[in-house]
Chemist: 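Handing you a structure now.
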Amino acid sequence: MIFPMKKIVLGISGGISFLIFLVLLLVSNHLANSQSAQLAAERWSKEGNVSQVSCFFSVGSGITEDELIEFEHTVDSALTEASVVQESENPGARLWADAYSADGQVTLSNDKTSLTADAIGIGGDFFLFHPLTLLNGAYFSGNDLMKDYCVIDEDAAWQLFGSNDVAGMTVYIGGVPHIVTGVVRRPDGRLAEAAGLDSTVVYVSYQTLTELGNSHGINHYEIVMPNPVTGFASNYVREKLGSEEKEVEVVENTTRYSLVSRLKLITEFGTRSMNGKAIIYPYWENMARGIADILMVLTLFGILFLLYPVGLAVVFFCIWWRHKGWTMKDAWHKLKDLAERRMEKLREKRKEKRHSGDGGPEGDRKAKKERAKKPKRPKKRRKSEYDDFDEGEEEEPDGDGSSEEALSKKKRFGWRRGGQKK
């Protein structure tokens with residue numbers, strides 16, 4: 001009685017452990033999918049044949065716009081050599097897109113007040129990689145010929161205009177008028193604040209930040225491009241832009257939250273926090289690294305909660321296997337017998353079809369009906385010794401006792417026709 005109760009308790013605890021594992025798995029997937037800055041490859045192509053790669057440069061790397069433009073000119077030729085061509089009929093379709101940015105500060109002002117805020121000077125398709133939540137207006141592109149655009153967060157909008165419905169309004173940066181194209185919601189929460197989003201942030205063109213603000217130089221570059229073979233995109237970027245290992249860090253964003261990457265982080269626990277490079281990560285990379293650490297812990301606990309029910313299942317299976325009433329040889333013979341029966345049925349069906357002619361199932365049914373209409377012939381019974389005796393002439397009893405022998409024989413064979421006569 002005790003052992004069955006133990007099995008019930010262990011089974012319930014194993015089920016609860018497995019449910020906890022499922023909950024941790026769902027939470028992990030939700031956190032991984034909540035980082036829109038890491039999902040540019042999915043937005044660019046649903047086929048999964050592209051890769052998103054990020055480069056982070058140290059303050060002293062001295063990377064310039066001209067170097068990035070030179071790198072961009074080599075991407076198309078590299079894809080052509082890899083036999084990657086544009087197959088879309090849309091004349092505006094592109095095989096790849098990129099963006100770069102720099103950190104700094106700018107001062108914004110209008111007729112009423114002024115504000116000094118953290119600024120990100122952008123070039124290329126920055127908002128393709130960072131689709132911030134728009135409260136009003138629209139984004140602008142770093143590729144626009146006009147560089148007098150800006151996007152501000154809701155805090156800056158309220159401080160400057162007392163409202164977040166300010167798309168189309170004008171602010172002055174270094175005395176130069178700039179049009180506010182949109183207002184975005186700044187990510188909040190403990191993780192976002194720790195990542196660097198603890199103050200007002202505005203987005204301006206890289207030219208505006210360099211000429212009218214205080215810039216720390218280009219320190220972020222991102223690209224989404226075809227990945228015909230595993231590691232092609234990241235290796236190409238690392239080869240062209242990561243020559244100085246101490247000055248550059250290349251990150252493969254597409255697979256950074258995969259199970260393999262999480263398990264790798266577990267093995268790097270303790271050493272991951274050590275950074276020997278003079279790189280200041282932007283807020284989105286700090287948030288991505290924080291989420292990766294959280295996912296590492298959730299994955300570790302998930303593995304532990306999964307091992308318990310799996311171990312119980314193995315133990316129960318071993319106990320059942322030890323006490324089973326059959327062997328593999330019995331199972332093999334059983335399966336073999338079932339297969340033979342199946343083959344016998346198939347042979348009978350084929351035989352019936354051959355007898356029914358070319359009429360198919362309908363002809364088979366007709367043949368059965370015709371066989372049913374025919375009168376049944378009585379079965380011919382083999383004559384026995386008693387039958388011969390019974391049908392012959394009755395012999396006169398003679399003196400040598402032959403009639404008594406015949407009578408005994410009749411009694412002896414009477415069972416053949418329903419028993420002895422009374």
Side-chain angles (χ1 to χ4, degrees), residues 34-45 50 52 54 65 68 72 90 92-94 96-106 108 110 115 117-161 163-173 176-188 192 195-197 199-213 215 218-225 253 282-285 287-288:
S34 66
Q35 298 299 297
S36 59
Q38 311 300 315
L39 304 176
E42 294 183 12
R43 293 191 296 270
W44 186 258
S45 174
V50 298
Q52 177 186 357
S54 297
E65 275 189 297
L68 294 180
E72 291 172 346
N90 185 357
R94 296 180 293 171
W96 56 275
D98 66 342
Y100 57 92
S101 55
D103 293 328
Q105 286 185 328
V106 294
L108 299 87
N110 57 12
L115 169 68
D118 292 334
I120 298 178
I122 69 171
D125 297 302
F126 178 85
F127 292 106
L128 170 68
F129 295 88
H130 306 279
L132 301 170
T133 302
L134 276 168
L135 300 177
N136 183 253
Y139 303 126
F140 71 94
S141 173
N143 295 322
D144 293 336
L145 295 177
M146 300 298 294
K147 306 298 181 182
D148 56 349
Y149 297 127
C150 67
V151 169
I152 62 178
D153 67 12
E154 52 188 330
D155 287 346
W158 279 99
Q159 293 184 51
L160 292 171
F161 301 100
S163 171
N164 60 12
D165 187 11
V166 297
M169 297 289 190
T170 300
V171 295
Y172 292 87
I173 302 176
V176 178
H178 285 68
I179 300 174
V180 178
T181 62
V183 179
V184 296
R185 175 178 287 118
R186 188 172 77 239
D188 54 3
L197 289 175
S199 60
T200 302
V201 179
V202 299
Y203 303 86
V204 298
S205 67
Y206 175 70
Q207 180 179 344
T208 294
L209 181 62
T210 304
E211 298 177 356
L212 305 176
S215 173
I218 296 175
N219 46 12
H220 327 125
Y221 177 77
E222 302 163 281
I223 185 171
V224 56
M225 61 182 291
N253 303 84
Y283 71 83
W284 60 84
E285 177 62 16
M287 291 181 64

Chemist: Can the ring centroids of Tyr203 and Phe127 be said to lie less than 6.0 angstrom from one another?
Modeler: yes

Chemist: Quick check for you: to the nearest 0.5 Å, what is the distance between Leu160 atom CG and Ile152 atom CD1?
Modeler: 5.5 Å

Chemist: Checking Asp98 against Tyr221: is there a side-chain donor and acceptor pair closer than 3.5 Å?
Modeler: yes

Chemist: About how many Å separate CG of Leu209 and CD of Gln105, when rounded to the nearest 0.5 Å?
Modeler: 9.5 Å

Chemist: Looking at Ala119 and Val106, what are the two nearest heavy atoms and their distance?
Modeler: CB-CG2, 3.7 Å

Chemist: How long is the span from the OG1 atom in Thr200 to the CD atom in Glu154, to the nearest 0.5 Å?
Modeler: 10.0 Å

Chemist: Test Val184 against Leu135 for side chain to side chain contact (heavy atoms under 4.5 Å, CB included), laying out the working first.
Modeler: CA-CA 5 Å; Val184 296; Leu135 300 177; over 6 Å; no

Chemist: Is the shortest heavy-atom distance from the side chain of Cys150 to the side chain of Val171 under 4.5 Å?
Modeler: yes

Chemist: Check whether any side-chain heavy atom of Trp96 sits under 4.5 Å from a side-chain heavy atom of Val224, and report yes or no.
Modeler: no

Chemist: When you look at OH of Tyr172, are more than 12 heavy atoms from neighbouring residues, nucleotides or ligands closer to it than 6.0 Å?
Modeler: no

Chemist: Tell me, do Asp155 and Arg186 make a side-chain contact under 4.5 Å, heavy atoms counted?
Modeler: yes

Chemist: With a 4.5 Å limit on heavy-atom distance, are the side chains of Asp103 and His220 in contact?
Modeler: yes

Chemist: According to the salt bridge (charged side-chain N to carboxylate O under 4.0 Å, His left out) rule, which pairs have a member within residues 124-135, sequence neighbours left out?
Modeler: Arg94-Asp125

Chemist: Using a 3.5 Å distance criterion without hydrogens, assess whether the side chain of Arg43 forms a donor-acceptor pair with backbone atoms of Leu128.
Modeler: yes

Chemist: For residues Val166 and Val183, determine if any side-chain heavy atom of one lies less than 4.5 Å from a side-chain heavy atom of the other.
Modeler: yes

Chemist: Kindly compute the distance separating OG (Ser205) from CD1 (Ile173), expressed to the nearest 0.5 Å.
Modeler: 8.0 Å

Chemist: Mind checking the CG-OG spacing from Asp153 to Ser199? Nearest 0.5 Å is all I need.
Modeler: 8.5 Å

Chemist: Take Met169 and Phe161 through the side chain to side chain contact (heavy atoms under 4.5 Å, CB included) test and state the conclusion after the steps.
Modeler: CA-CA 9 Å; Met169 297 289 190; Phe161 301 100; 3.8 Å; yes

Chemist: According to the side chain to side chain donor-acceptor pair (under 3.5 Å) rule, which pairs have a member within residues 132-145, sequence neighbours left out?
Modeler: Asn136-Asp165

Chemist: Side-chain contact, heavy-atom cut-off 4.5 Å: Val202 with Leu108?
Modeler: yes

Chemist: Between atom CD1 of Ile218 and atom CD1 of Ile122, what is the distance when rounded to the nearest 0.5 Å?
Modeler: 12.5 Å

Chemist: Quick one: are Tyr100 and Glu222 in side-chain contact, heavy atoms under 4.5 Å?
Modeler: no

Chemist: Hey, is the main chain of Gly213 close enough, under 3.5 Å, to the side chain of Thr208 for a donor-acceptor pair?
Modeler: no

Chemist: Tell me, do Met146 and Phe140 make a side-chain contact under 4.5 Å, heavy atoms counted?
Modeler: no

Chemist: What is the ring orientation for His130 with Trp284, classed by angle as parallel under 30°, tilted 30 to 60°, or perpendicular over 60°?
Modeler: tilted

Chemist: Quick one, Asp188 with Leu197, criterion side chain to side chain contact (heavy atoms under 4.5 Å, CB included). Give me CA distance, side-chain angles, the key distance, then yes/no.
Modeler: CA-CA 7 Å; Asp188 54 3; Leu197 289 175; over 6 Å; no

Chemist: Check the side chains of Ser54 and Asn253 for a donor-acceptor pair under 3.5 angstrom, ignoring hydrogens and angles.
Modeler: yes

